[in-house]
Amino acid sequence: MDQTATRRKRGGGRAGNARRTTSLLPDQMPWRQPVNTDRPTEPLNPDGVAAIHKGAMRILSEIGIEFLNPDAVEILRGAGCKISNTNVKMDEDFVMEMLAHAPAQFTVTPRNPQKSLVIGGPYMAFGNVSSPPNAWDLERGKRPGDFETYREFIKLTQFFNCIHFAGGYPVEAIDLHAGIRHLDCLYEKLTLTDKVVHAYSLGRERVEDVMEMVRIAGNLTPEEFESRPHMYTNINSVSPLKHDFPMLEGAMIHAKRGQAVIVTPFTLAGAMAPVTMSGAVALSLAEGLAAIALLQYINPGCPVAIGTFTSNVDMKTGAPAFGTPEYMRATQMTGQMARFYKLPMRASGVCAANVPDGQAMWETSNSLWSAVQSGTNVVYHAAGWLEGGLIASPEKFIMDCEVIQMIQRYFDPMIYATGSDDIAVDAIAQVGPDGHYFGCQHTQERYETAFYDPLISDWSNFEAWQLNGSTWTAERAHKMYKGIIAEFEAPPIEDSVRDELKDFAARRKAEGGVPTDF
């Protein structure tokens with residue numbers, strides 16, 4: 001991955017990084033996967049790591065996890081775990097033996113191999129907001145999600161180079177029946193983007209449909225598809241202490257076919273987990289490791305990652321809170337434990353704010369920077385999240401991309417290079433005590449790439465801002481969003497592949513899609 005490229009280019013669609021003529025389309029940083037060169041923040045001393053590990057192992061061996069999937073229970077019975085109805089207890093030796101099979105790093109290859117992602121090690125990948133039932137923008141306010149709004153967010157996901165993968169539905173297309181929604185949504189995702197995509201683990205039929213569509217989009221044989229990861233899923237436990245049927249089913253299908261699985265318990269301290277953050281982290285780890293052990297027993301070496309979604313509730317109202325000091329510390333603590341278990345890690349860019357205002361940005365910035373500090377590899381919901389995940393906003397999406405670009409620039413080795421030209425003693429001597437650096441040769445050779453160039457921030461003074469219309473950040477973002485959607489060009493895809501995808505979706509619809517009770 002090129003970490004030194006600094007020329008700013010436009011992105012998204014067939015024109016890729018080609019220059020455009022409209023002022024509504026922003027300059028942005030080129031596509032690259034950032035490498036986190038910082039030492040991680042580690043709040044726990046060695047005794048603290050050992051204590052949380054011991055707590056997680058006690059939960060697994062003494063209390064157990066409810067596996068609400070009979071196939072999973074029988075597999076774990078065969079592995080020698082202690083079974084009582086749906087309760088599964090597994091001892092530390094078994095868990096650690098299974099974790100030893102899991103790769104510390106793997107690569108996911110989408111239909112465009114140039115946008116492959118390394119998951120693990122120092123690499124980071126940022127994804128779009130996933131799964132809100134509602135959308136909000138400055139013109140239309142809050143409203144239920146629909147298919148056309150879904151398509152708009154997919155276009156934003158493709159356009160911005162700092163968004164590396166297309167996660168779950170960036171807003172639910174609730175105007176499409178649930179039995180066929182995945183077919184239309186994945187068709188759009190696979191044709192409007194060429195980035196890594198995700199499948200919801202909501203039962204066998206949906207997972208197998210999405211796998212087939214990803215295989216078709218990549219023009220792969222079944223053997224080529226299963227030879228390495230080309231997609232991923234994320235499953236959540238049902239805290240406290242449960243894994244449900246459909247998510248386990250989807251995860252097991254992914255594991256058997258060599259596709260990546262992220263296991264992310266959703267633990268809110270004070271509600272679904274102990275009020276103490278170390279207790280919440282221990283519970284989260286126990287739930288996550290239990291599922292990972294199952295997957296490694298099914299297919300040793302299959303690609304997996306541990307996720308963290310540990311935050312706290314507002315003890316006055318019971319509402320979830322995000323981007324809090326507790327959230328940040330829990331993410332950092334889980335990062336330490338992920339390195340202890342030698343697993344890649346997922347975190348999120350989240351907030352509790354209802355509109356793209358100051359609260360939204362400080363909470364999201366806290367979340368995103370805690371991902372950096374913790375050594376997180378996969379950052380879910382990095383752009384567009386509002387109202388604790390109940391709203392997707394295009395203005396917030398663009399404002400978040402500003403923060404993500406800043407993080408990418410922060411990692412650029414150019415900033416902290418220490419060669420003789422960087423120390424610049426000759427330039428200092430040339431300018432001396434009475435000159436300035438604006439016009440010196442050293443500056444002239446570097447001024448275009450020396451500093452971060454903002455995406456949506458306005459660095460003018462108050463009077464200039466007034467003369468330019470006194471537009472607030474969300475208003476500038478709204479105008480940019482409209483321009484991107486108006487001029488979006490989809491990435492290239494072979495006509496034969498597009499037709500095969502269309503035919504597959506049509507056939508599955510004709511068969512009734514996924515059975516539902518409504």
Side-chain angles (χ1 to χ4, degrees), residues 40 42 44 46 48-65 67 72-73 75-83 88-108 118-123 229 232-237 239 241 243 247-248 251-252 254-256 258-265 267 278 281-310 330-331 333-347 374-378:
E42 299 194 329
L44 303 171
V49 171
I52 289 179
H53 169 69
K54 181 179 179 181
M57 294 302 110
R58 285 192 63 198
I59 293 166
L60 289 171
S61 62
E62 298 175 20
I63 301 170
I65 305 294
F67 281 78
V73 171
I75 290 168
L76 291 170
R77 188 193 305 275
C81 297
K82 297 177 182 177
I83 309 295
V88 177
K89 296 184 175 72
M90 50 185 73
D91 62 32
E92 180 176 352
D93 288 344
F94 172 75
V95 174
M96 298 307 287
E97 179 185 352
M98 293 302 103
L99 295 183
H101 295 304
Q105 182 172 300
F106 56 88
T107 300
V108 184
V118 181
I119 308 300
Y123 292 94
Y232 77 100
T233 191
N234 177 89
I235 69 167
N236 303 108
S237 55
S239 299
L241 301 173
H243 283 285
M247 287 202 175
L248 283 173
M252 291 189 290
H254 276 74
K256 289 172 184 175
Q259 304 307 303
V261 180
I262 303 172
V263 183
T264 308
T267 47
S278 58
V281 169
L283 174 63
S284 172
L285 287 169
E287 293 174 357
L289 296 178
I292 289 174
L294 166 69
L295 301 178
Q296 292 303 316
Y297 185 78
I298 290 170
N299 184 9
C302 66
V304 294
I306 187 78
T308 177
F309 212 97
T310 298
T331 303
M333 292 159 70
T334 307
Q336 271 189 272
M337 301 308 299
R339 287 185 292 280
F340 175 79
Y341 297 118
K342 297 182 174 60
L343 294 171
M345 189 175 101
R346 172 228 147 155
S374 63
T376 289
N377 305 111
V378 179

If I take atom [atom1] from residue [X] and atom [atom2] from residue [Y], how far apart are they, to the nearest 0.5 angstrom?
X	Y	atom1	atom2	answer
I83	M90	CD1	CE	7.5 Å
D91	R58	CG	CZ	15.0 Å
L294	N299	CG	CG	11.5 Å
T264	R346	OG1	CZ	4.0 Å
T107	Y123	OG1	OH	8.5 Å
I52	K54	CD1	NZ	13.5 Å

Do [X] and [Y] come close enough that some side-chain heavy atom pair is under 4.5 Å?
X	Y	value
T310	L283	no
I119	V108	yes
N236	F309	no
V95	M57	yes
T267	E287	yes
E92	S61	no
L60	I65	yes
M252	I75	yes

For the student: nearest non-hydrogen atoms of [X] and [Y], plus distance:
X	Y	answer
P229	A260	CB-N, 4.4 Å
P265	G307	CD-O, 3.6 Å
Q105	P122	OE1-CD, 4.4 Å
A255	V261	N-CG2, 4.3 Å
I235	A291	CD1-CB, 4.4 Å
P103	P344	O-CD, 3.6 Å

Between L289 and Y341, is a side-chain contact (heavy atoms from CB on, under 4.5 Å) present by the stated rule, with each step listed? CA-CA 9 Å; L289 296 178; Y341 297 118; 3.6 Å; yes

Return yes if some donor-acceptor pair links the side-chain N/O of Q296 with the main-chain N/O of C302 below 3.5 Å, else return no.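 At least one qualifying donor-acceptor pair exists.
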
Please enumerate all residues that pass side-chain contact (heavy atoms from CB on, under 4.5 Å) together with T334, with sequence neighbours excluded.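 For T334, the residues satisfying side-chain contact (heavy atoms from CB on, under 4.5 Å) (neighbours in sequence not counted) are V281, L285, T308, M345.
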
Test side-chain contact (heavy atoms from CB on, under 4.5 Å) on I298 and K256 and set out the steps. CA-CA 7 Å; I298 290 170; K256 289 172 184 175; 3.6 Å; yes

Pairs meeting criterion ring-ring contact (aromatic ring centres under 6.0 Å, His included) with involvement of residues 287-306, two or more places apart: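 Checked against ring-ring contact (aromatic ring centres under 6.0 Å, His included) - neighbours excluded - no pair reaches residues 287-306.
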
Can you tell me which residue pairs pass the salt bridge (charged side-chain N to carboxylate O under 4.0 Å, His left out) test with a partner in residues 335-345, sequence neighbours excluded?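 Found E42-R339.
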
